[in-house]
Amino acid sequence: MRLSVHHATRFKFDQPSGHSIHDVRLTPKPATGQRIVSWRIEGPGKRSEWLDGHNNQVTTFSVAQQHDAVEIVVHGVYEYSGADHWLRYAEVPTLPAPFWLRNSPLATPDASFDPLVEGLREGAADPAERVAVLHEVMGRIGKRMTYGTGASTVDTTATEALARGVGVAQDETHIFIACCRHLGVPARYVSGYLRNDDPELHVGRTSHSWAEAWVPGLDWVGFDPANGISPRGDSLRVAVGLDYRDAAPVSGRRIGFGEATMTVDATIKVID
């Protein structure tokens, strides 16, 4: 299967800015069986490339002149072959698994998470049972949460989203990660792409997000709580982090006054 990506992020400033910097974490990390056919990231100003502390490839665009808008666009094609099983990566981990037990601002559990993990702690500690236990966690989250836009923002915490009972992929991913940490299972946030031309999938007109949990003997195993599935070959990873803030597709800062608005439009579709 071959898929195309067109992902545009636009910033509009109501007063001109003299300098803005935008960090873009949208360079793919293909799994076994995936192949990047073409990939291009376009943006204004001076461009630099670097690796962050989580080994994500970052493209930084720096605009050092008066401007009132910035547009960053990704054009890409990727494909995968083989059976739809969980994704495996050839990369060597740069951080030890226990690092990913750290609580983070958007994915910290409290007592409200107890019902989601009740009776599962012993199974989660057993590597042979861990995958099945985490699928049970994902199922419990699906019963508590309704997929819906407009109820949350990029700053909504897992606790807030769970209390509301409605959210998008980012929210359900944060809840899943918080549950994993509550169980003592290392887990991390993944941002990436999943086709949004399939009405059966919960994917917005943006990039997608899911989680990975550490399973001894299997390494990182993916879980997509928004869809209740393990990510397949059409799920393309671009960045990882403790939560969304570490793996945000595009983040920025600027010198200037007034407000800034951001709009995102992404189309990921099967082309072959």
Side-chain angles (χ1 to χ4, degrees), residues 29 31-32 34 54-56 84-110 113-145 157-159 161-162 167-192 194 202 208-247:
K29 299 180 176 183
T32 300
Q34 293 179 326
H54 300 124
N55 205 37
N56 299 314
D84 278 340
H85 50 71
W86 57 277
L87 301 178
R88 301 197 70 165
Y89 298 87
E91 65 186 14
V92 177
T94 57
L95 294 166
F99 171 86
W100 302 98
L101 287 168
R102 296 174 56 192
N103 286 325
S104 57
L106 299 179
T108 297
D110 62 12
F113 287 78
D114 290 349
L116 293 176
V117 300
E118 184 178 0
L120 299 180
R121 194 169 299 276
E122 183 177 343
D126 183 347
E129 296 185 29
R130 183 169 291 179
V131 171
V133 166
L134 296 181
H135 275 284
E136 171 65 22
V137 170
M138 193 162 59
R140 293 182 183 185
I141 292 171
K143 292 176 181 177
R144 285 282 302 271
M145 296 293 293
T157 67
T159 302
L162 184 61
V168 292
Q170 174 184 310
D171 303 305
E172 296 191 45
T173 298
H174 283 148
I175 292 169
F176 180 86
I177 292 170
C179 287
C180 288
R181 293 172 181 166
H182 205 18
L183 289 168
V185 175
R188 62 190 187 183
Y189 186 98
V190 180
S191 63
L194 175 62
H202 290 150
H208 193 52
S209 58
W210 59 92
E212 291 177 343
W214 180 261
V215 180
L218 298 178
D219 297 344
W220 291 107
V221 178
F223 297 86
D224 183 344
N227 292 295
I229 60 174
S230 290
R232 308 161 302 193
D234 52 356
S235 298
L236 182 66
R237 188 173 79 178
V238 297
V240 300
L242 288 165
D243 60 27
Y244 169 83
R245 291 175 182 170
D246 289 339

Roughly how far, to the nearest 0.5 Å, is CG of D219 from OH of Y89?
12.5 Å
List in chain and number order the residues that pass salt bridge (Lys or Arg N to Asp or Glu O under 4.0 Å) with R245, two or more places apart in sequence or in another chain; answer none if no residue qualifies.
D155
Spacing of CG belonging to D246 relative to CG belonging to L106, to within rounding of 0.5 Å:
9.0 Å
Counting C-beta onward and ignoring hydrogens, is there a side-chain heavy-atom pair between L134 and F176 closer than 4.5 Å?
yes
Calculate, to the nearest 0.5 Å, the distance between atoms CG and CG belonging to L242 and L101 respectively.
10.0 Å
Which pairs count as salt bridge (Lys or Arg N to Asp or Glu O under 4.0 Å) when at least one residue sits in residues 136-145, sequence neighbours excluded?
E136-R140
The ring-ring contact (aromatic ring centres under 6.0 Å, His included) partners of Y244 (sequence neighbours excluded) come to none
Working to the nearest 0.5 Å, report the span between CE of M145 and CG of L162.
6.5 Å
Can you tell me how far the OG atom of S191 sits from the CG atom of L236, to the nearest 0.5 Å?
10.0 Å
Minimum heavy-atom distance between V185 and A213, given as atom pair plus value
CG1-CB, 4.1 Å
Could you tell me if the side chain of L116 sits less than 4.5 Å from the side chain of I141, heavy atoms only?
yes
Output all residues satisfying side chain to side chain contact (heavy atoms under 4.5 Å, CB included) with N56, sequence neighbours left out; order by chain, then residue number.
R25, K29, D52, H54, A239, V240
Could you grab the distance from atom NE2 of H174 to atom OG1 of T159, nearest 0.5 Å is fine?
11.0 Å
Give the minimum heavy-atom separation between A158 and A107, together with the two atoms involved.
CB-CA, 4.2 Å
With sequence neighbours left out, write down each residue that passes side chain to side chain contact (heavy atoms under 4.5 Å, CB included) with V117, or none if nothing qualifies.
C179, H182, L183
Checking L87 against W220 for the side-chain contact (heavy atoms from CB on, under 4.5 Å) test, could you report, in this order, the C-alpha distance in whole Å, the side-chain angles of both residues, the deciding distance, and whether it holds?
CA-CA 9 Å; L87 301 178; W220 291 107; over 6 Å; no
Mind checking what makes side-chain hydrogen bond (donor to acceptor under 3.5 Å, both in side chains) contact with D224, not counting sequence neighbours?
H208, N227
Those residues at least two apart in sequence (or on a different chain) that pass side-chain hydrogen bond (donor to acceptor under 3.5 Å, both in side chains) with S209 are Y189
Counting C-beta onward and ignoring hydrogens, is there a side-chain heavy-atom pair between C180 and V137 closer than 4.5 Å?
no
List in chain and number order the residues that pass side-chain hydrogen bond (donor to acceptor under 3.5 Å, both in side chains) with D126, two or more places apart in sequence or in another chain; answer none if no residue qualifies.
none
Where at least one partner belongs to residues 171-188, residue pairs that pass salt bridge (Lys or Arg N to Asp or Glu O under 4.0 Å), sequence neighbours excluded:
R188-E212
Output every pair passing side chain to side chain donor-acceptor pair (under 3.5 Å) with a member in residues 91-103, not counting sequence neighbours, ordered by first then second residue.
E91-R237
Taken in chain and number order and not counting sequence neighbours, the residues that satisfy salt bridge (Lys or Arg N to Asp or Glu O under 4.0 Å) with E122 are none
Listed partners of R130 passing salt bridge (Lys or Arg N to Asp or Glu O under 4.0 Å), at least two apart:
none
